[in-house]
Amino acid sequence: MFEIGGQDSKIIFIKDKMVSDFAMNTVCAAGTGSFLDHQAERLGIEIEQFGEIALTSSNDVRIAGRCTVFAESDMIAKQQYGFSKADIIHGLANALVRNYINNLARGKKLEPPFVFQGGVAANIAIKAAFEKEVGHEVIVPKYHHVMGAIGSAILAREEVEKTGKPTNFKGFHALQTDFTPSSFICHNCSNLCEVIKVKMNGETVPMWGDRCGMWQEKVQRSVS
């Protein structure tokens with residue numbers, strides 16, 4: 001299972017319906033959707049049009065995708081050589097997938113079926129690049145961009161059915177509620193953590209950012 005979001009990317013191996021291996025990249029931006037967003041903006045291309053334009057390319061242009069800085073330098077050079085925008089972004093799609101495979105799948109055996117999820121799965125050029133890399137069809141689920149949320153909901157349902165405890169779900173009307181974020185520095189220890197606090201209708205809902213978990217636990221106790 002390939003997963004690429006805006007800020008990170010993951011690879012998940014499933015065997016007998018269980019996760020058998022997992023790797024995650026949270027360091028290198030060149031393996032995430034933000035890499036494509038930034039480069040598309042530089043070229044004056046809407047990210048929604050990225051895939052369609054890339055697939056019109058007739059040249060296999062190699063872009064250095066190991067680092068966003070090198071990618072930008074390489075793109076400028078390719079533009080000066082006269083390559084089209086379609087050729088360059090097609091090269092970018094291949095560079096992202098190449099970087100992903102090299103970083104997350106190194107030394108691992110890739111076997112079908114392959115599933116591609118995350119927001120970047122909407123980019124047909126990235127899907128095509130994956131299929132070229134693995135030599136097999138890559139399946140993109142209908143709700144590829146919210147697969148994690150669906151999984152969390154299923155786990156929550158199973159937990160409620162097993163324990164009989166009520167949930168803290170506030171209902172879909174919460175989407176229309178005004179949320180007010182704020183932050184403060186906790187001085188309870190030398191870590192001086194920045195704690196993020198979100199209020200909904202005057203009530204503090206979540207808090208996070210504290211290393212010790214003190215403020216998170218405080219909110220959980222008040223909710224329960």
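Quick caveat: nothing in here was measured; it's all calculated off a predicted structure.
Contact of the K132 side chain with the D60 side chain is registered, since non-hydrogen atoms from C-beta on lie closer than 4.5 Å. Contact annotation: the side chain of F184 approaches that of M207 to within less than 4.5 Å [non-hydrogen atoms, C-beta and beyond]. The shortest distance between side-chain heavy atoms of K78 and R62 does not fall below 4.5 Å. Counting heavy atoms from C-beta on, the side chains of P206 and Q216 never come closer than 4.5 Å. Put simply, the side chain of I124 reaches to within 4.5 Å of the side chain of E52, judged on heavy atoms. Counting heavy atoms from C-beta outward, I63 and F83 have side chains that stay 4.5 Å or more apart. The side-chain heavy atoms of N25 and D8, taken from C-beta on, include no pair separated by under 4.5 Å. A 4.5 Å side-chain heavy-atom check between F22 and K10 finds at least one atom pair inside the cut-off.
The backbone N or O of V138 lies less than 3.5 Å from a partner atom in the side chain of E131, making a donor-acceptor pair. At least one donor-acceptor pair under 3.5 Å links the side chain of D210 to the backbone N or O of W215. A donor-acceptor pair under 3.5 Å is absent between the side-chain atoms of R157 and the main chain of A153, judged by distance alone. Between the side chain of T56 and the backbone N or O of I53, at least one donor-acceptor pair lies under 3.5 Å. Side chain of S20 to backbone of F13: a donor-acceptor contact under 3.5 angstrom is found.
Across all their heavy atoms, A125 and G51 have their closest contact at CB-CA, 3.7 Å. Among all heavy-atom pairs drawn from G119 and H144, the shortest one is O-CE1, 4.1 Å. Here the closest heavy-atom approach between residue E3 and residue I12 is recorded as OE1-CD1, 4.4 Å. The minimum heavy-atom distance between V195 and C186, with the atom names listed, is CG2-CB, 4.0 Å. Pairing each heavy atom of M200 with each of F179, the nearest pair is SD-CE2, 3.5 Å.
Here H173 contributes atom NE2 and Q176 contributes atom CD; the two are 10.0 Å apart, rounded to the nearest 0.5 Å. Here the CG-CZ distance, from N103 to R98, works out to 11.5 Å after rounding to the nearest 0.5 Å. Rounding to the nearest 0.5 Å places CD1 of I88 at 6.0 Å from CE of M75. Considering SG of C193 and CG of N188, their distance stands at 9.5 Å, rounded to 0.5 Å. Atom-to-atom distance recorded for S183:OG and K197:NZ is 10.0 Å, nearest 0.5 angstrom. Interatomic distance, OG of S57 versus CG of N94, reported as 8.5 Å (0.5 Å rounding).
Hydrophobic side-chain contacts under 4.5 Å tie L192 into a cluster, directly or through other members, with I185.
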Given K165 and V160, is the side chain to side chain contact (heavy atoms under 4.5 Å, CB included) satisfied, shown in steps? CA-CA 6 Å; K165 294 180 180 179; V160 169; 6.0 Å; no
What's the verdict on side chain to side chain contact (heavy atoms under 4.5 Å, CB included) for I150 and Y143, showing C-alpha distance, side-chain angles and the deciding distance? CA-CA 9 Å; I150 292 173; Y143 300 108; 3.9 Å; yes
Quick one, F114 with F130, criterion ring-ring contact (aromatic ring centres under 6.0 Å, His included). Give me CA distance, side-chain angles, the key distance, then yes/no. CA-CA 9 Å; F114 300 104; F130 266 119; 8.8 Å; no
Could you please spell out the steps behind the side chain to side chain contact (heavy atoms under 4.5 Å, CB included) verdict for I47 and L36? CA-CA 8 Å; I47 192 61; L36 297 180; 4.0 Å; yes
Could you walk me through whether F35 and L92 pass side chain to side chain contact (heavy atoms under 4.5 Å, CB included), step by step? CA-CA 9 Å; F35 169 71; L92 281 171; 3.6 Å; yes
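The ring-ring contact (aromatic ring centres under 6.0 Å, His included) test applied to F50 returns no partner, not counting sequence neighbours.
Transitive grouping of hydrophobic side chains (ILVMFWY, heavy atoms separated by less than 4.5 Å) keeps V146 and F116 in distinct clusters. Cluster membership check: I139 does not share its hydrophobic cluster with M147, using side-chain heavy-atom separations under 4.5 Å among Ile, Leu, Val, Met, Phe, Trp and Tyr. No chain of hydrophobic side-chain contacts below 4.5 Å, direct or via other Ile, Leu, Val, Met, Phe, Trp or Tyr residues, connects I76 to L43. Note on I126: it does not cluster hydrophobically with L55, by side-chain heavy-atom contacts below 4.5 Å among ILVMFWY residues. Clustering ILVMFWY residues whenever any of their side-chain heavy atoms sit less than 4.5 angstrom apart, transitively, puts L155 in a cluster other than the one holding I14.
The side-chain contact (heavy atoms from CB on, under 4.5 Å) test with I4 singles out one residue from I11, L96, N123, and that residue is L96.
Atom CD of E161 has more than 12 heavy atoms from other residues, nucleotides or ligands within 6.0 Å. The environment of CZ in R42 is crowded: more than 12 heavy-atom neighbours from other residues, nucleotides or ligands sit within 6.0 Å.
In summary, K162 and E158 do not engage in a salt bridge, as defined by a charged side-chain N under 4.0 Å from a carboxylate O. A salt bridge is defined here as a Lys NZ or Arg NE, NH1 or NH2 lying under 4.0 Å from an Asp or Glu carboxylate O, and K108 with D21 meets this definition. Note on E111 versus K109: salt bridge recorded, some NZ/NE/NH1/NH2 to OD/OE distance being below 4.0 Å.
A side-chain donor from one of S84 and D87 sits under 3.5 Å from a side-chain acceptor of the other.
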